[in-house]
S.K.: 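First, the structure itself, so that you have it in front of you.
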Amino acid sequence: MSDKRILIVEDEKMTARLLVYRLKALGYDVTHIENGNDALEWTLRERPDLLILDVMLPGLSGFEILEKLQESGELANGKLDVIMLTTKNRSEDISRGFNLGAMEYISKPFKMDEFLLRLNRLVETSDS
């Protein structure tokens, strides 16, 4: 059982259900939120270990969430790891995600096995 707390911020219901199911099956403590405003508030209050973040969301966008988390200091010193999971795959979007603090940027549609490999690598790196 993992003690890692993961917040999935995804408004696409099927993608969210699949991620929640797979990550809970792996033993992660998973919360899912569909709205950017609610996700930012929850993140600042609950302080998860990992954020899986879409860009196009109701309320704040994923990029706006990252900007606010940077301003609050939540992305400093590896307090919070972020994986962007989005259809926004232009080079400027990818650069923006990394520049705002994302550790991974995965384009949709994605392969679950590849996603889990990247997530596990990120979790292992943050544990060491």
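Throughout, residue positions are numbered sequentially from 1 according to the sequence presented.
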S.K.: Just how far is it from atom CZ of Phe63 to atom OG1 of Thr86, taken to the nearest 0.5 Å?
M.R.: 6.5 Å
S.K.: For the CG atom of Asp3 and the CG atom of Asp29, what is their distance to the nearest 0.5 Å?
M.R.: 9.5 Å
S.K.: Following the transitive rule for hydrophobic clusters with a side-chain heavy-atom cut-off under 4.5 Å over Ile, Leu, Val, Met, Phe, Trp and Tyr, establish whether Tyr21 and Ile52 coincide in one cluster.
M.R.: no
S.K.: Indicate the atoms forming the closest heavy-atom contact of Glu10 with His32, along with that distance.
M.R.: O-NE2, 2.7 Å
S.K.: Calculate, to the nearest 0.5 Å, the distance between atoms CD and CD1 belonging to Glu92 and Ile94 respectively.
M.R.: 9.0 Å
S.K.: Counting C-beta onward and ignoring hydrogens, is there a side-chain heavy-atom pair between Leu19 and Ile6 closer than 4.5 Å?
M.R.: no
S.K.: Taking Glu67 first and then Arg96, would you say they form a salt bridge - that is, a charged N and a carboxylate O separated by under 4.0 Å?
M.R.: yes
S.K.: Tell me which pairs pass ring pair (Phe, Tyr, Trp, His ring centres under 6.0 Å) where either residue lies in residues 97-122, with sequence neighbours left out.
M.R.: Phe110-Phe115
S.K.: Can you sort out the partners of Asn37 under side chain to side chain contact (heavy atoms under 4.5 Å, CB included), two or more places apart, ordered by chain and number?
M.R.: Asn35, Leu60
S.K.: Tell me the closest heavy-atom pair linking Arg5 and Pro48, and the distance in Å.
M.R.: O-CB, 3.5 Å
S.K.: Please step through side chain to side chain contact (heavy atoms under 4.5 Å, CB included) for the pair Val82 and Leu100, ending with a clear verdict.
M.R.: CA-CA 10 Å; Val82 178; Leu100 288 172; over 6 Å; no
S.K.: With Thr15, which of Arg17, Lys13, Glu12 fulfils side chain to side chain contact (heavy atoms under 4.5 Å, CB included)?
M.R.: Glu12
S.K.: With rounding to the nearest 0.5 Å, note down the distance linking OG1 in Thr31 to NZ in Lys24.
M.R.: 7.5 Å
S.K.: Taking the side chain as every heavy atom from C-beta outward, state whether Leu51 and Leu69 have any atom pair closer than 4.5 Å.
M.R.: yes
S.K.: More than 12 heavy atoms of other residues, nucleotides or ligands under 6.0 Å from CE of Met112: is that the case?
M.R.: yes
S.K.: Do NZ/NE/NH1/NH2 and the carboxylate oxygens of Lys68 and Glu74 come within less than 4.0 Å?
M.R.: no
S.K.: Measuring only between side-chain heavy atoms, which start at C-beta, is Lys108 closer than 4.5 Å to Leu85?
M.R.: yes
S.K.: Test side chain to side chain contact (heavy atoms under 4.5 Å, CB included) on Asp93 and Val55; report intermediate values, then the result.
M.R.: CA-CA 9 Å; Asp93 296 321; Val55 172; over 6 Å; no
S.K.: So which heavy atom on Ile65 is nearest to which on Ala39, and how close?
M.R.: CD1-CB, 4.3 Å
S.K.: Determine, using the 4.5 Å side-chain heavy-atom cutoff (strictly less than), whether Leu50 and Leu116 are members of one ILVMFWY cluster.
M.R.: yes
S.K.: Before you tell me yes or no, could you show the steps for Met56 and Lys88 under side chain to side chain contact (heavy atoms under 4.5 Å, CB included), namely the whole-Å CA-CA distance, both residues' side-chain angles and the distance that decides it to 0.1 Å?
M.R.: CA-CA 8 Å; Met56 296 184 298; Lys88 301 279 284 178; 3.8 Å; yes
S.K.: Looking at Lys4 and Val123, what are the two nearest heavy atoms and their distance?
M.R.: CE-CG1, 4.0 Å
S.K.: If I take atom CD from residue Gln70 and atom CG from residue Leu80, how far apart are they, to the nearest 0.5 angstrom?
M.R.: 11.5 Å
S.K.: Check the pair Glu114, Arg118 against salt bridge (Lys or Arg N to Asp or Glu O under 4.0 Å), reporting the backbone distance first and the verdict last.
M.R.: CA-CA 6 Å; Glu114 179 184 342; Arg118 289 183 183 202; 3.0 Å; yes
S.K.: Do the side chains of Met14 and Leu18 get nearer than 4.5 Å, heavy atoms only?
M.R.: no
S.K.: With a 4.5 Å cut-off on side-chain heavy-atom distances among I, L, V, M, F, W and Y, is there a chain of contacts connecting Leu44 to Leu7?
M.R.: yes
S.K.: First locate atom CG of Leu75, then atom CG of Asp81, and finally report the distance between them rounded to the nearest 0.5 Å.
M.R.: 9.5 Å
